[in-house]
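My structure is below; once you've seen it, I'll send some questions.
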Amino acid sequence: MDKKDMKSWNQKELEAFLLELGEKSFRAKQIYSWLHVKHIDSFEEMTNISQKLKEKLVNTCKLTILKKIEVQCSNIDGTRKYLFELEDGNMIESVWMHYKHGNSVCISSQVGCRMGCRFCASTLDGLVRNLTPAEMLDQIYQIQKDIGERVSHVVVMGMGEPLDNYENLLKFIQLLSDEKGLNISQRNITVSTCGIVPNMRQLAKEKLQITLALSLHAPSQKKRLLLMPVANKYEIHQVIDACNYYFVQTGRRITFEYSLIGGVNDCEEDARQLAKLLQGMNCHINLIPINPVKERDFKQSQSQTILDFKNKLEKYGINVTIRREMGRDIDGACGQLRKRFSER
Ligand code: SAH
C-alpha cells in the first residue's frame with residue numbers, strides 16, 4: 001500500500017484521517033504543527049504524541065522530506081542555489097535570495113517542464129512529473145532550516161509551469177499561507193506562468209491575493225511564437241485579456257516578465273509595440289537580461305540596449321524595473337544545476 005502523503009493535507013483532512021484511526025481531533029492540531037511549523041525530520045520527534053499513535057503513523061503515512069544534495073553559494077550576493085532529491089530519485093532546484101525586505105525562496109513546481117520555451121533549460125528534457133503540495137512546501141521548509149531565518153517571500157519561478165500543475169499549486173498556496181502553518185502572506189507569494197489562459201482565468205476566480213507574473217517575452221504574437229510554443233495555443237491578446245480579468249477579479253496588479261535577448265526582442269520598435277500592447281493596464285514590467293543556456297544560442301542584450309529599452313518604456317508611462325541578477329556567478333538559470341548534475 002502506498003503511504004499517505006500527510007504533509008500535503010490541510011488540518012481538516014488530517015483531522016478526518018485521525019478520527020478514522022480512532023484518535024481525538026485535537027491530535028490534528030498537534031501533528032499539523034509538527035509538520036508545518038516545527039518542520040520535523042522524523043515521527044520520533046513528535047514528543048507529545050503517544051508511542052502507539054506514532055507507530056500507526058509510521059505504518060500508514062510518509063513525511064515527504066527533501067534531501068539536500070548540493071548547495072551553490074554566490075560570492076557576489078550570498079544567493080544560494082539548492083539541488084534537492086525527491087523520494088523517487090528525481091532532482092529539483094530551489095534558490096534562496098536575501099533582499100532588504102526579507103528572505104525570498106524561488107521554488108520548482110514540476111520535475112522538468114513541457115512548455116518548450118526556446119531559451120529555457122528546464123524544458124530541455126521535457127516533463128517528468130508534477131510536484132505534490134508537500135514537495136513544493138518542503139523546498140521552503142528545508143531552506144528555512146538551513147538558513148536559520150524565517151522565509152518571508154516565495155516565488156514559484158523555478159523549474160516547471162505552475163499552472164500546468166494547478167490543483168497541487170492551489171493546495172500548496174493554501175498550506176503556505178495558512179496562519180497555523182508558515183503563515184506567509186498571500187501578498188508575498190508570486191506565481192509565474194507562461195500564459196495558460198483557462199487556468200489563469202480559473203485562478204482569478206479563486207480570488208487569492210497572490211501576485212500573478214506573466215512571462216511575456218515578446219511584444220507581438222509573431223515574435224512570441226518564435227520563443228514560446230505555448231503561443232500556438234493561446235494568442236497574445238487572449239493572454240492579455242486573461243491578465244486584465246485577473247486584475248478585475250483580484251485587484252492585484254500583474255507583473256510582466258520580459259527576458260531581453262540580444263537582437264531578438266530588444267530593439268526600439270519592440271519597446272514601442274510592447275508599450276502599445278500594455279497601454280492603460282495597471283501593471284509592472286520586469287526586464288530580465290537573458291541567462292544564456294549552453295544548449296541554446298541566445299545572447300544577452302548589451303547593457304546600453306537594456307537601459308535604452310527601459311527608458312523607452314518609461315517614456316510611454318510604463319512602470320518598469322530591470323531585474324537585479326542574483327547569483328550571477330553560480331548556475332543561475334532555472335534547470336541548469338539539475339542538468340549539469342544529471343550529465344555528471
Ligand atoms: N513556467 C513559468 C515559471 C518558470 S521560469 C513561466 O514560464 O513563467 C521563470 C521565468 O524565467 C519565466 O519568465 C521564464 O520565461 C524565465 N526564463 C527561463 N529561462 C530563462 C533564461 N535562460 N534567461 C532568462 N529568463 C529565463
Side-chain angles (χ1 to χ4, degrees), residues 106 109 113 115-120 153-158 160-167 169-170 172-173 177 185-261 265-266 270-288 309-310 312-314 316-323 334:
C106 172
S109 55
C113 183
M115 296 298 131
C117 297
R118 303 272 181 254
F119 44 80
C120 181
H153 292 68
V154 171
V155 297
V156 189
M157 287 192 185
E161 166 50 46
L163 296 193
D164 189 34
N165 183 13
Y166 188 83
E167 293 303 326
L169 175 80
L170 216 59
F172 159 75
I173 294 169
S177 56
S185 155
Q186 289 190 356
R187 290 171 170 262
N188 292 352
I189 302 173
T190 298
V191 170
S192 177
T193 179
C194 62
I196 301 184
V197 168
N199 297 6
M200 290 167 69
R201 289 184 165 267
Q202 182 64 39
L203 185 66
K205 288 187 205 142
E206 316 279 354
K207 298 208 189 284
L208 302 175
Q209 281 299 293
I210 62 169
T211 298
L212 186 64
L214 189 279
S215 298
L216 191 55
H217 306 322
S220 65
Q221 171 66 4
K222 206 168 139 214
K223 274 206 175 166
R224 202 162 186 263
L225 267 174
L226 299 175
L227 297 172
M228 305 175 71
V230 69
N232 284 301
K233 205 151 177 200
Y234 307 110
E235 203 268 338
I236 197 165
H237 289 97
Q238 287 180 291
V239 176
I240 299 294
D241 284 349
C243 289
N244 279 319
Y245 182 71
Y246 188 87
F247 177 69
V248 168
Q249 291 295 311
T250 63
R252 300 289 291 158
R253 188 176 78 158
I254 300 286
T255 296
F256 288 101
E257 289 157 284
Y258 193 102
S259 294
L260 285 160
I261 311 176
N265 62 1
D266 63 348
D270 292 323
R272 200 189 58 78
Q273 278 187 29
L274 180 59
K276 188 150 176 255
L277 180 71
L278 305 182
Q279 204 173 30
M281 280 181 88
N282 191 344
C283 66
H284 176 97
I285 300 184
N286 218 334
L287 297 176
I288 312 167
F309 199 89
K310 173 173 184 270
K312 189 94 192 160
L313 289 174
E314 276 173 344
Y316 285 108
I318 298 212
N319 203 314
V320 53
T321 46
I322 298 173
R323 161 128 17 120
C334 325

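Just so it is clear, the structure is predicted and the values come from calculations on it, not from any experiment.
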Check your understanding: Can you find a side-chain donor-acceptor pair between Glu161 and Thr193 that sits under 3.5 Å?
Key -> yes
Revision key, fill the gap. Shortest non-hydrogen pair, Pro219 vs Leu277, comes out as O-CD2, 3.8 Å
Practice item. Show your working on side-chain contact (heavy atoms from CB on, under 4.5 Å) between Val155 and Thr211 and close with a plain yes or no. Key: CA-CA 9 Å; Val155 297; Thr211 298; over 6 Å; no
Check your understanding: Within the distance-only criterion (no hydrogens, no angle test), does the side chain of Tyr316 pair as donor or acceptor with the backbone N or O of Ala271 below 3.5 angstrom?
Key -> no
Study note, to complete from the structure: Taken to the nearest 0.5 Å, the spacing of Asn244 CG from Cys283 SG works out to 9.0 Å
Study note, to complete from the structure: Minimal heavy-atom distance between Ser109 and Val156, with the atoms involved, is CB-CG1, 4.0 Å
Check your understanding: How about Ile236 and Leu216: do any of their side-chain heavy atoms sit closer than 4.5 Å?
Key -> yes
Exercise for review: Report the residues that fulfil salt bridge (Lys or Arg N to Asp or Glu O under 4.0 Å) with Glu235, sequence neighbours left out, ordered by chain and then residue number.
Suggested key: none
Exercise for review: Enter the distance from Ile210:CD1 to Asn188:CG here, rounded to the nearest 0.5 Å.
Suggested key: 12.0 Å
Point to revise | For Gln209 against Gln186, the heavy-atom pair lying closest together | key: N-OE1, 2.8 Å
Exercise for review: Name all residues meeting the salt bridge (Lys or Arg N to Asp or Glu O under 4.0 Å) criterion together with Asp266; count only those two or more places apart in sequence or in a different chain, and write none if there are none.
Suggested key: none
Review point. Excluding sequence neighbours, so at least two apart, what forms ring-ring contact (aromatic ring centres under 6.0 Å, His included) with His284?
Key: none
Practice item. Determine, step by step, whether Met200 and Leu214 satisfy the side-chain contact (heavy atoms from CB on, under 4.5 Å) criterion, reporting the C-alpha distance in whole Å, the side-chain angles of both residues, the deciding distance to 0.1 Å, and the verdict. Key: CA-CA 10 Å; Met200 290 167 69; Leu214 189 279; 4.0 Å; yes
Check your understanding: How far apart are the C-alpha atoms of Ile285 and Leu274, what are their side-chain angles, what is the distance that settles it, and do they pass the side-chain contact (heavy atoms from CB on, under 4.5 Å) test?
Key -> CA-CA 10 Å; Ile285 300 184; Leu274 180 59; 3.9 Å; yes
Check your understanding: Taking only residues two or more places apart in sequence or in another chain, which ones pass side chain to side chain donor-acceptor pair (under 3.5 Å) with Lys207?
Key -> Gln249
Revision key, fill the gap. With sequence neighbours left out, the residues meeting side chain to side chain donor-acceptor pair (under 3.5 Å) with Thr255 are none
Revision key, fill the gap. Sorted by chain and number, sequence neighbours left out, side chain to side chain donor-acceptor pair (under 3.5 Å) with Gln221 holds for none
Exercise for review: Starting at SG of Cys113, measure out to CG of Asp164 and round the result to the nearest 0.5 Å.
Suggested key: 7.0 Å
Revision key, fill the gap. Residues passing the salt bridge (Lys or Arg N to Asp or Glu O under 4.0 Å) test with Arg118, sequence neighbours excluded, are none
Point to revise | side chain to side chain donor-acceptor pair (under 3.5 Å) against Asp241, all qualifying residues, sequence neighbours excluded | key: none
Review point. Tell me the salt bridge (Lys or Arg N to Asp or Glu O under 4.0 Å) pairs involving residues 211-225, sequence neighbours left out?
Key: Lys223-Asp270
Revision key, fill the gap. For Asn265 and Tyr258 the tightest heavy-atom approach is O-OH, 2.7 Å
Review point. Should Met115 and Met228 count as side-chain neighbours, where that means a heavy-atom distance under 4.5 Å?
Key: no
Review point. Below 4.5 Å, heavy atoms only, C-beta onward: do Leu169 and Leu163 meet side chain to side chain?
Key: yes
Review point. Does anything in residues 187-205 pair up under salt bridge (Lys or Arg N to Asp or Glu O under 4.0 Å), and if so which pairs, sequence neighbours excluded?
Key: none
Exercise for review: With side-chain contact (heavy atoms from CB on, under 4.5 Å) as the test, would you mind laying out the steps for Met281 and Phe256 before giving the verdict?
Suggested key: CA-CA 11 Å; Met281 280 181 88; Phe256 288 101; 3.7 Å; yes
**Study point:** Summary of ring-ring contact (aromatic ring centres under 6.0 Å, His included) pairs that have at least one residue in residues 195-242, sequence neighbours excluded
**Key:** Phe119-His217
Exercise for review: Kindly give the heavy-atom pair with the smallest separation between Ile318 and Ala275, and that separation in Å.
Suggested key: CD1-CA, 3.6 Å
Point to revise | 4.5 Å side-chain heavy-atom contact, Val230 and Val239 | key: no
Exercise for review: Quick one: which residue pairs count as a side chain to side chain donor-acceptor pair (under 3.5 Å) with a foot in residues 271-283, not counting sequence neighbours?
Suggested key: Glu269-Arg272, Glu269-Gln273
Review point. When rounded to the nearest 0.5 angstrom, what is the spacing between CD1 in Ile254 and CD1 in Ile240?
Key: 9.0 Å
Check your understanding: Between Asn319 and Arg253, which heavy-atom pair has the shortest distance, and what is it?
Key -> ND2-NH1, 3.3 Å
Review point. Out of curiosity, Ile189 CD1 to Leu212 CG, how far, rounded to the nearest 0.5 Å?
Key: 13.0 Å
Exercise for review: Find the distance between SG (Cys106) and NE2 (His153) and round it off to the nearest 0.5 Å.
Suggested key: 14.0 Å
